[in-house]
Amino acid sequence: MVADSTVVATRLTETFVAEVKDLPITPEVIDEHGRAIYETYLDHKVLVFRAQDIAAGVFAKFGTIFGRPEEHHVIKLRHPEEPTLTYLSNQDEPGRNKEMKTSGQGWHSDYSYKLVPASATMLHGLEIPANGGDTLFANAEAAFADLPEERKAYLRTLRVRHQYRWSPNREDPWARWKYIGAEERRKTPEITHPLVRRHPDTGRECLFIQPHVIGSVVGIEGMEESESTALIDELIAHITSAPYTYRHKWSPLDVVVWDNRCLLHSATTKDLDERHVRRLLRLTTHGQPVTPSLPEVGHSRLSAQSGD
Ligand SMILES: O=C(O)CCC(=O)C(=O)O
Ligand SMILES: [Fe+2]
């Protein structure tokens with residue numbers, strides 16, 4: 001419900017994603033229409049703004065519409081003037097691990113391995129190749145809503161174990177064992193979140209699950225591994241099936257903002273030839289501990305298995 005005729009959103013898929021047309025992001029627009037932009041974002045989950053030739057400072061201010069912008073914990077990744085901004089790049093950049101060139105590859109919700117995961121994430125396309133480097137989105141709220149009632153009731157009772165890019169196999173190319181040390185592992189203990197979360201603004205229920213290794217998910221709490229893997233695979237296949245997904249093809253100067261509390265997303269930079277430069281500015285906002293659908297299932301907490 002948006003009582004503001006300046007913010008006009010055109011829906012791009014059946015269940016989510018809208019383009020906000022003819023709205024240049026300026027400090028005045030942010031001050032005057034920030035609330036309406038936020039409500040439009042709640043309605044559509046992903047908002048696309050085209051042709052935004054804006055300074056880094058304006059993009060940083062835009063981020064404040066969607067919560068409290070977070071400074072990246074890795075200081076050298078921060079924008080020199082705007083500490084809440086970082087760069088995404090598929091190029092070799094000084095001081096970065098090679099893995100960062102394809103970060104975000106595979107379905108995930110940002111920082112789900114933290115007790116307080118990200119709320120919104122937004123990107124501003126600075127250099128965009130003619131083809132490739134699309135970002136994929138999946139609607140975990142609509143996917144949950146379409147499940148049979150009995151299945152929903154069962155899923156509401158479960159919790160999921162998460163750990164920062166966990167892998168049972170240290171040779172696994174997706175795992176971060178290669179470049180996180182003992183200290184970083186201590187700082188990212190295993191935690192659990194409810195599998196079905198309630199969106200803090202809309203009150204609607206969403207599945208909060210990601211693929212096993214890519215999404216930092218260890219498994220379903222208290223469930224035998226094969227059963228847990230089968231359930232995760234089934235849910236991911238459902239959420240990421242065609243009716244619930246959108247592929248964003250970037251144009252230079254696009255701004256895209258999405259709600260991690262009810263979506264999954266994935267980069268596709270791994271398939272992009274490095275000769276085609278892709279650079280974007282990125283900002284995330286601080287979220288809330290994950291609220292369960294059923295209060296008795298409990299909020300996010302340290303896992304009983306933590307501290308190994
Ligand atoms: O590069 C992309 O398309 C998305 C990267 C990503 O996952 C993120 O910025 O959180
Ligand atoms: Fe991401």
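Residues take their numbers from the sequence shown, with the count starting at 1. Because only heavy atoms are used, hydrogens play no part in the values below, and waters and symmetry mates are left out as well, while side chains stay in. As the structure lists them, so they are numbered: ligands from 1, and atoms in each ligand from 1.
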Among Glu70, His286, Arg261, side chain to side chain contact (heavy atoms under 4.5 Å, CB included) partner for Ser119 =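 The passing option is Arg261.
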Under 3.5 Å, side chain of Glu190 to main-chain N/O of Leu302, donor-acceptor pair present?
->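 Here the side-chain-to-backbone pair does not exist.
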Hey, does the side chain of Asn260 reach the backbone of Asp110 with a donor-acceptor pair shorter than 3.5 angstrom?
->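 Yes, because the side chain of Asn260 sits within donor-acceptor range (under 3.5 Å) of the backbone of Asp110.
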The Fe ion (ligand 2): angle it makes with NE2 (His108) and NE2 (His265), nearest 10 degrees =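 The angle at the Fe ion (ligand 2) comes to 90°, rounded to the nearest 10°.
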Between the side chains of Trp258 and His265, is a donor N or O closer than 3.5 angstrom to an acceptor N or O?
->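 A donor-acceptor contact under 3.5 Å links the two side chains.
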Quick one: side-chain hydrogen bond (donor to acceptor under 3.5 Å, both in side chains) partners of Arg198, sequence neighbours excluded?
->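 So Arg198 forms a side-chain hydrogen bond (donor to acceptor under 3.5 Å, both in side chains) with Ser293.
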Does NZ or CZ of Arg247 come closer than 6.0 Å to the centre of the six-membered ring of Phe137, within 45° of the ring's axis?
->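 Not satisfied by the 6.0 Å and 45° rule.
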Identify, chain by chain and in numerical order, each protein residue with a heavy atom under 4.0 Å from an atom of ligand 1.
->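 Residues Leu88, Ser103, Gly104, His108, Asp110, Leu123, Thr135, Trp258, His265, Ala267, Arg278, Arg282 each place a heavy atom under 4.0 Å from ligand 1, listed by chain and number.
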Please work out which of the three classes, parallel, tilted or perpendicular, describes the rings of His248 and Tyr246, given edges at 30° and 60°.
->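 It falls in the tilted class, 30° to 60°.
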Of the N, O or S atoms in Asp110, the one nearest the Fe ion (ligand 2) |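 Nearest N/O/S atom: OD1.
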